[in-house]
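Read the structure below first, then the notes.
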Amino acid sequence: MAYEVTATRRRPQLFDTLVGQEFVVSTIKNSIESGRFAHAYLFSGPRGVGKTSSARILAKALNCEKGPTPYPCGVCPSCREITAGNSTDVIEIDGASNTSVNDIRIIKDEVLFPPQSSRYKIYIIDEVHMLSTSAFNALLKTIEEPPSYVLFIFATTETHKVPATIRSRCQQFNFQLIPLETIKTVLKETVDEMGIEAEDDALFWIAKEATGSMRDAYTLFDQILSFSEGTITLDKILKKLGIAGVDSINTLIQHVCDNQGEQALVLLEQLLDSGISVEQCIKDIASYFRSLLLIKRNIRSESILGMQVHNISDRVIASYNEEQLEAALHYFLQLYKDIRYSISPRFELELAVSRLLNLANMASSATLVKQIRELKGTLTDSSEISVNVSPVKKAVTPPPVKPVRQKLEEKEQEQVIQKNIEPEPVVKREHIDQQTISSLIQKMAQQRDSAGLLLHQVVKVEDGGDSLRLVFSSQYALDSAKEEMKRFQKMFFEHCGFNGSVVFDIDKPEEKEVKEDDTVIQTIANMFRGEILTK
Ligand SMILES: [Zn+2]
């Protein structure tokens, strides 16, 4: 007997053996039990999830000698004919190769004849969306008012391509992707039934690759079975199919975490030399980072993760934050697109792995802005920069985010500087007098600027238009002011619009008076040829 592919051999023959479509199955079973079934069904959903199988089971359920029943016997002539695909009353048509209006006309003529040996004449039209518009139109009338013994079951992977006029005349069922765990369980049943040894990891891998399609899982299973010599292991699969296992990627990323660039690149070379394509390697690394990200977000379901959690190193999980993992995932997804235009995809991948070494230092623009805000807050709160402020990490790693981040960083820093140096906008030139000095003292005090303290010592102001003379009450104030000359010029420019030169002087009225007095007394003494006697 010729080898029968697993998908065909294990095609479900009963609703109860149809996996992953519980809602559809229970609804159809109920409608058969209650005798309220439609005359046109539309089964939509992804490929390989059981649409055609369901159509055949439904046909059997309706035409079974013991039926209509949700549990067709499988042994009566009708059931056996349908299973074998040679029932004269269950007609399967491939919509993809019978698209013309003539094909539909043949159906229209045929439906006039009642079923030969069964209860119903059932048309199963697969890939119905492939029919031409005129074919659909020809079909419309028939499905609207079919003879009571005729039933249509349409199947499609692309519901949106089926005209609304047809859809609205059908009872529609949406088939779902089959969960990873379910596929794995079915594969386990299959290997047990065949008496084959298979690693749990290997079955998980096949189930994951099938991405929700049972037929794809069986096809892959058959392919793997052909080289597995009775024992299916993940190692054999990865080697034969040229795929980097999660262990290899784990080791690679661990090297990256430990900043061992050389080991990481050597391992990458080994992976590529072993026959794994650059594309596959990028896909594997991207899917690894995706899993890490999901784990960080507390998702532990293996069917969502696409890999088994115990396979992922805790150390790697702990090494990165969500933001960094997002960036890495984004980077590798982008890389997959970019390599199509690259002169050397291999170089691109090496560069990417090399850049990953900086991943732990990477901070997003949002984080940088936050850090700068904190820094800004610290700067404006006190004139001294607190050493406790976490330093803004230099933007490194993945280039897609880099320029934006640097720009933001620079811009924010500029703002910080401006905020501290130029607290007020430039004002119009005003005349400076003692009153101006008093208001300046207040302003400076508000801004906690120590220059204001020196203004307290100003006893006289002379505004000479393009020069300003400030007279201080003490030598100490004068000396301090001279040291702060630039600050004074800036202060008067910013607050009074004064842009000329500032001259400082000291007020010594008492000394002068004493000197003058002394001179006068001395002159008088000289006039009288006397001498001055002190007490
Ligand atoms: Zn039967």
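Owing to the predicted nature of the structure, the values given are computational and were not obtained by experimental measurement. We count ligands from 1, going down the list as the structure has it; atoms in each ligand are counted the same way. Only this structure's heavy atoms are used, side chains among them; waters, hydrogens and symmetry mates stay out.
Of all protein N, O or S atoms, those under 2.8 Å from the Zn ion (ligand 1) number 4.
Residues Phe289 and Leu356 form a side-chain contact, since some pair of their non-hydrogen atoms from C-beta on lies under 4.5 Å apart.
Between the side chains of Asp216 and Thr211, no donor N or O sits under 3.5 Å from an acceptor N or O. Donor-acceptor pairing under 3.5 Å is lacking for the side chains of Ser213 and Arg47. Between Lys161 and Thr156, the side chains place no donor N or O within less than 3.5 Å of an acceptor N or O (distance only, hydrogens not considered).
Checked against salt bridge (charged side-chain N to carboxylate O under 4.0 Å, His left out), Lys283 has no partners two or more places apart in sequence or in another chain.
At least one donor-acceptor pair under 3.5 Å links the side chain of Arg119 to the backbone N or O of Cys64.
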